[in-house]
Amino acid sequence: MNHKTRIVLACLMIAVLAMVLTACDSTKNETNTSVTDTPAATATETPVPEPTATNTPVPTETPTPTNTPSPSPTPAYDYETLHKTEYTSLKEAYKDYFMIGTIYTEMILSGKDKDLVLANYDIITPENLMKPEEMQRTQGTFKYTASDKMMEFAQANKLTVHGHCLAWHQQSGNWLGTSAKDREEAIEQLRAHINGVAGHYQGQIYSWDVVNEAINDGVNLPADGDWKKCLRQSQWTKSIGDDYIEIAFQLAHEAAPDAKLYYNDYNLDQPAKAKIVAAMVADMKSRGIPIDGIGMQGHYSTTTSITNVRNSLEMFGKIDGITVSVSELDVQINGIKQGKYDGEQEMQQAIFYARLFNLYKEYSDLIERVTFWGYKDNTSWRADSAPLLFKADLSPKEAYYAVLNPDAYAALGPQEVKPSTKKLEAAKGTPTIDGEIDDCWSAATAYDINIAVMAWQGAKGTVKYMWDENNFYALFEVVDGVLNKDNNNTYEQDSIELFLDQNNCKESTYDKACGQYRCNYESELSYGTVPSKDGVVAKAVKTATGYRVEIAVPMLIEAKEGVVMGVDGHINDANDKGARVSVMKLNATQDSDYTNPAAWAEITLK
């Protein structure tokens, strides 16, 4: 091998060695990059797309971060499109239909609350300050300071005022209608009060709730059409008689001849009560009593029947010379606590509001005003169920956008949402019916009784259920600071009611194994429709916060594990004058559901 050949071979070997070394170094670099240079993926480094018309995050709680990045969920609703509207406020959106109102409290006198109210509403109703005891707590001494302040605010900001209220069985002090020696003196008390309030503001207040909530609950219009048989027994029926309503309207017209005069009540979406009020108003109108309108309070839930609301509007619209105002509107979200809801629950509330306002627009020739009973959830009298359009920080909820853009929201779901049926369990055991809590009750679950079916939310509580082969048991714990049983109607006394459908028939009428069992806080039993009273035992004891009731109802069927029954629990709350002011229920959402086993919960014997 010559010298030249050796040189060529050496160069080739050096080149091959360089290529090998380069390849090794490259492999080393690739390996190191995959092991150490790429940080572990974290939730904070996962890119979040900006909201767009097709990619808007659903407003639910943020999931717990993980180390595995995942794609953003497909939103259930196109929020950006839903929120698009040509209107900038509620009153602007409905200026061609009806007035939009809210309540007056001193909270709206300044700051962001004032700005929100003035932007969205054109009529205000005093929440409490013009109720009878607030205006004349002591006979002959009227308090105008707070109401004058409201009137000055309204006039300065060009707001219309609706007055609430002149004659009511509640919040009327301890003398108005109760201290009179005879009918004539009671009428003079009523006259003086109406003159001192409505007369004092003559020409300044557009309309008045003259009489508030005078119809009893759970009654039907008699076959003879005599609506007076359906009146709530109150200080006014006792001191004046069943003509006190027409007298109040005559006195109000004398005191404020230019004001529109309303009868105001709750549950007017329910057919039985709506028929009574329609009969009353039509009768008074035909006899020349100066009544101008019906106030439908509108304390609804997301499962209220909009068909029933429509039917009531249709019925009231047939009364000549009568207008309707939706006077105290709010829509609670069923089944939530402390005002906490998820995105889907918020949307269901919005959809209900949308359908309701589409209905109101249909009847805008009849409806003069829609007043919300508040504007932000945390100050609502139903704060636990988040019933209004704005959050505590005044940011709008979906319900606000739904009222502005009802067509878009109404198209998102079924026209009627059926109330849900709670699924409960009864533990196996045999307690002693003595009003004390035996150890065996610890195995039973406590269920909240907190669904309000009247305008007022009063006494609440819980109930536990147990069973054995002989009896079905219930243990009620009631929180109630005022106990009263003066009313002759046992269902208007402070009491609990157990509704039991041992066959779980799910029919709209009672079958042979359905019963309504009632016990007041002094252990006195009474009944609605029951298959038998034999063997029913109950014991009530007062507690530091109210009272407790333990009750046993004999089994009519073969009781064994796995059997499903229908059940509901009610708490009746009376005030210190003996008038029932509240009914809270376990499952049913309508006042009339005590007659309807299909609306009760289901309970499984465990």
For this session: Using the test side chain to side chain donor-acceptor pair (under 3.5 Å), find all partners of W373 that sit at least two apart in sequence or belong to another chain.
Result: none
Exercise. Would you say the side-chain atoms of D568 pair up with the backbone N or O of N587, donor to acceptor, closer than 3.5 Å?
Worked result: yes
Exercise. Roughly how far, to the nearest 0.5 Å, is the CG atom of L261 from the CE atom of M284?
Worked result: 10.0 Å
For this session: Measure from the side-chain N and O atoms of Q493 to the backbone N and O of N487, and report whether any donor-acceptor pair falls under 3.5 Å.
Result: yes
For this session: Please name all residues satisfying ring-ring contact (aromatic ring centres under 6.0 Å, His included) with Y447, sequence neighbours left out, ordered by chain then number.
Result: none
Problem set entry | Sidechain-backbone polar pair: S523 side chain, A540 backbone, donor-acceptor under 3.5 Å | yes
For this session: Determine which pairs satisfy salt bridge (charged side-chain N to carboxylate O under 4.0 Å, His left out) with at least one residue from residues 570-590, sequence neighbours left out, and list them in order.
Result: none
Exercise. Which atoms form the tightest heavy-atom contact between A459 and V478, and what is the distance?
Worked result: CB-CG1, 4.2 Å
Problem set entry | Closest heavy-atom pair and its distance - N195, A255 | OD1-CB, 3.4 Å
For this session: Name all pairs fulfilling the salt bridge (charged side-chain N to carboxylate O under 4.0 Å, His left out) condition that reach into residues 515-529, sequence neighbours left out, sorted by first residue then second.
Result: K485-E522, K485-E524, E497-R518
Problem set entry | Y353 side-chain N/O to V331 backbone N/O, donor-acceptor pair under 3.5 Å | yes
Seminar exercise, completed: Residues pairing under salt bridge (charged side-chain N to carboxylate O under 4.0 Å, His left out) where one sits in residues 251-263, two or more places apart or in two chains, turn out to be R191-E254, K260-E368
For this session: Please name all residues satisfying salt bridge (charged side-chain N to carboxylate O under 4.0 Å, His left out) with E492, sequence neighbours left out, ordered by chain then number.
Result: none
Exercise. For the residue pair S380 and D330, what are the closest heavy atoms and their distance?
Worked result: OG-OD2, 4.5 Å
Exercise. So, the side chain of Y594 versus the backbone of G218: is there a donor-acceptor pair under 3.5 Å, distance only?
Worked result: yes
Exercise. Measuring from Q204:CD to M150:CE, what's the distance to the nearest 0.5 Å?
Worked result: 9.5 Å
Exercise. Where do H299 and R382 land on the side-chain contact (heavy atoms from CB on, under 4.5 Å) test, with the steps shown first?
Worked result: CA-CA 9 Å; H299 296 300; R382 305 169 95 187; 3.6 Å; yes
Problem set entry | Ring centers of F142, H200 separated by less than 6.0 Å | no
Exercise. Roughly how far apart are I100 CD1 and T371 OG1, rounded to 0.5 Å?
Worked result: 8.0 Å
Exercise. What distance separates T490 OG1 from L525 CG, expressed to the nearest 0.5 Å?
Worked result: 10.5 Å
Problem set entry | side-chain hydrogen bond (donor to acceptor under 3.5 Å, both in side chains) evaluation trace for N264 with E328 | CA-CA 10 Å; N264 190 54; E328 303 181 19; 3.1 Å; yes
Exercise. Is any side-chain heavy atom of S207 less than 4.5 Å from a side-chain heavy atom of H162?
Worked result: yes
Exercise. If you round to the nearest 0.5 Å, how far is CD1 of I187 from OG of S239?
Worked result: 8.5 Å
Problem set entry | Closest heavy-atom pair and its distance - W208, V197 | CH2-CG1, 3.5 Å
Exercise. Do N220 side-chain atoms and A272 backbone N/O form a donor-acceptor pair below 3.5 Å?
Worked result: no
Problem set entry | Residue pair N334, T303: steps toward the side-chain hydrogen bond (donor to acceptor under 3.5 Å, both in side chains) verdict | CA-CA 8 Å; N334 289 339; T303 56; 3.1 Å; yes
Problem set entry | CG-CH2 distance between L190 and W236, expressed to the nearest 0.5 angstrom | 4.5 Å
Exercise. Any Lys/Arg nitrogen of D217 or R232 sitting under 4.0 Å from an Asp/Glu carboxylate oxygen of the other?
Worked result: yes
Exercise. In chain order, what residues pass the side chain to side chain donor-acceptor pair (under 3.5 Å) check against Y94, with sequence neighbours excluded?
Worked result: none
Exercise. With under 30° as parallel and over 60° as perpendicular, where do the rings of F372 and F357 fit, or are they tilted in between?
Worked result: parallel
Problem set entry | Under 3.5 Å donor-acceptor, Y263 side chain and A214 backbone | yes
For this session: Please test Q250 against I289 for side-chain contact (heavy atoms from CB on, under 4.5 Å), starting from the C-alpha separation and ending with a verdict.
Result: CA-CA 7 Å; Q250 290 166 336; I289 306 300; 3.5 Å; yes
Exercise. Can you list the residues that meet the salt bridge (charged side-chain N to carboxylate O under 4.0 Å, His left out) rule with D486, with sequence neighbours excluded?
Worked result: none
Problem set entry | Distance under 6.0 Å and angle within 45° of ring axis: K91 vs Y121 | no
I'd like a table of donor-acceptor pairs (distance under 3.5 Å, sequence neighbours excluded) in which one partner is a side-chain atom from residues 125-133, with atom names and distances.
unit_1: N128; atom_1: OD1; unit_2: K131; atom_2: NZ; d: 2.8
unit_1: K131; atom_1: NZ; unit_2: E127; atom_2: O; d: 3.3
unit_1: E133; atom_1: OE1; unit_2: G173; atom_2: N; d: 3.3

Exercise. Among all residues two or more places apart in sequence or in another chain, which pass the ring-ring contact (aromatic ring centres under 6.0 Å, His included) test with Y547?
Worked result: none
Exercise. Can any side-chain N or O of S582 pair as donor or acceptor with the backbone N or O of G458 at less than 3.5 Å?
Worked result: yes
Problem set entry | Residue pair Y201, S147: steps toward the side-chain contact (heavy atoms from CB on, under 4.5 Å) verdict | CA-CA 10 Å; Y201 292 106; S147 50; 2.6 Å; yes
Exercise. Do the two ring centres, one from Y491 and one from Y517, sit under 6.0 Å apart?
Worked result: no
For this session: Apply salt bridge (charged side-chain N to carboxylate O under 4.0 Å, His left out) to K181 and list each qualifying residue two or more places apart in sequence or on a separate chain.
Result: E185
Problem set entry | Test item: D377 side-chain N/O and L388 main-chain N/O as donor-acceptor pair under 3.5 Å | yes
For this session: Give a yes or no on whether a salt bridge exists between K285 and D320, defined as a side-chain N under 4.0 angstrom from a carboxylate O.
Result: no
For this session: Run the numbers on N575 and V482 for side-chain contact (heavy atoms from CB on, under 4.5 Å), then give the verdict.
Result: CA-CA 7 Å; N575 64 14; V482 176; 5.8 Å; no
Exercise. Any side-chain heavy-atom pair from V309 and Q270 closer than 4.5 angstrom?
Worked result: no
Problem set entry | Output field: ring centroids F499/H570 closer than 6.0 Å | yes
Side chains of residues 224-231: which donor-acceptor pairs under 3.5 Å do they make with residues two or more places apart or in other chains?
unit_1: D224; atom_1: OD1; unit_2: D226; atom_2: N; d: 3.0
unit_1: D224; atom_1: OD2; unit_2: K229; atom_2: NZ; d: 2.7
unit_1: D226; atom_1: OD1; unit_2: K228; atom_2: N; d: 3.1
unit_1: W227; atom_1: NE1; unit_2: D283; atom_2: OD2; d: 3.0

Exercise. Is there a side-chain hydrogen bond (donor to acceptor under 3.5 Å, both in side chains) between N308 and D269 once you walk through the steps?
Worked result: CA-CA 5 Å; N308 282 354; D269 58 301; 5.3 Å; no
Problem set entry | Given L356, I351, N358, the one that forms side-chain contact (heavy atoms from CB on, under 4.5 Å) with P406 | N358
Exercise. Taking all non-hydrogen atoms of both residues, which atom of L586 and which atom of I451 are closest, and how far apart?
Worked result: O-CD1, 3.4 Å
